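Predicted model only: the values in this text are computed from it and were never measured.
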Amino acid sequence: MNHFAKSVLIAALFPLAFTACGKKESEVSAPAATAEASSTGEAASCSAVKFADIGWTDITATTALSSVVLEGLGYKPVSTIASVPIAFAGIKKSQIDVFLGYWSPSMTPIVEPFLKDIKVLEKPNLVGAKYTLAVPTYAYEAGLKSFTDIAKFKDNLDGKMYGIEPGNDGNKIIADMITKNAFGLKDFKMVESSEAGMLTEVSRSVKNKKWIVFLGWAPHPMNVQQDITYLSGGDDFFGANYGEAKVYTVTATDLGTRCPNVNKLVTNLEFNLDMENQVMLPIMDKTAPNVAAKEWLTKNPAVLDKWLDGVKTLDGKPGLEAVKKYLGV
């Protein structure tokens, strides 16, 4: 859920007011797409596949994995950073083709107004995720074990709870708890910044043994880089079982008819926690996302068999063979 975004000027394609800079068109060279698709291939207008990325490293990772595969198929994927509401607005207007990061149930209140104008794929692309509040384990062991304990330790926490970027669903949940005085939190302040900003604050706090409550989730390297523990008792706000979540792929409603080959690929995509953690780690160490994704795919090509089942290149040739050739495996 961090980005090393490169500016991509795409105002002509995206007249929406994106809340953060656009990023990479691609970090590695892609095969040139054909100017005119053959009679058996995808329409040439489908060559620029437009992804939304909301600034979370896990979505960066899955978007990069998908982009590298599309590059191997002859497409030119473009990824743009946007807030969650702007991403869904872009999909509604078909200004964005694909978003791989609909976290359910936490994003559901944001998604609901768009449901009739977007397509949420029936099968999640990731299961076993979670998203709720977390604390350093030393704070947990000292008594901050549940949402009901937060207010008791207001002084230890400086009356703050740390979120990520403005417009994020987790921030909205925290704000809702404060507004409703849930768990006695009415006097707390939510600190908004970004994934990177929040994690920097967590690292600083851990180094100084300072107490902090923040948004935590899995998959994410924070779970191995820091000794953290998730708080119980937040079921009414983040969902049961520590905010257990499923992540869904969302597409423009016309993608299946407009670009059926791209639609087939994104429908086939399935990820897992270990895969995403492995790709996220180098990204967080400032490796370009597509480079990290390509390195992982080169070492783990077996995943392509399912992803590319029934998928062709832009010009209608066998997809699996082309992508493996592109990866050199």
Donor-acceptor pair, side chain of [X] and main chain of [Y], under 3.5 angstrom:
X      : Y      : answer
Asp58  : Glu276 : no
Asn181 : Lys186 : yes
Asn263 : Cys259 : no
Gln226 : Val202 : no
Asn171 : Glu165 : yes
Thr251 : Leu255 : no
Asn208 : Lys210 : no

Do we see a donor-acceptor contact under 3.5 Å between the side chains of [X] and [Y]?
X      : Y      : answer
Gln278 : Asp274 : yes
Ser94  : Asp254 : yes
Tyr102 : Thr108 : yes
Asn290 : Glu71  : yes
Tyr75  : Asn261 : yes
Thr287 : Asp285 : no
Thr229 : Thr137 : yes

| query | Say you draw a straight line from CE of Met190 to CD1 of Ile164; how long is it, rounded to the nearest 0.5 Å? | reply | 10.5 Å
| Hey, is Lys312 close enough to Glu42 for a salt bridge, meaning N to O under 4.0 Å? | no
| field | Phe99 ring center within less than 6.0 Å of Phe88 ring center | value | yes
Just list the side-chain donor-acceptor pairs under 3.5 Å for residues 238-249, sequence neighbours left out, or say none.
residue, atom, partner, partner atom, Å
Asn241, ND2, Glu244, OE1, 2.9
Thr249, OG1, Asn125, ND2, 2.8

Quick one: side chains of residues 143-151, donor-acceptor pairs under 3.5 Å with protein atoms, not counting sequence neighbours, listed by atom name and distance.
residue, atom, partner, partner atom, Å
Lys145, NZ, Tyr140, O, 3.4
Ser146, OG, Thr148, N, 3.2
Ser146, OG, Thr148, OG1, 3.1
Ser146, OG, Ser232, O, 3.3
Asp149, OD1, Lys152, NZ, 3.0
Asp149, OD2, Lys145, N, 3.1
Asp149, OD2, Ser146, N, 3.0

| task | Determine, step by step, whether Asp305 and Lys324 satisfy the salt bridge (Lys or Arg N to Asp or Glu O under 4.0 Å) criterion, reporting the C-alpha distance in whole Å, the side-chain angles of both residues, the deciding distance to 0.1 Å, and the verdict. | result | CA-CA 10 Å; Asp305 293 343; Lys324 284 188 174 181; 3.8 Å; yes
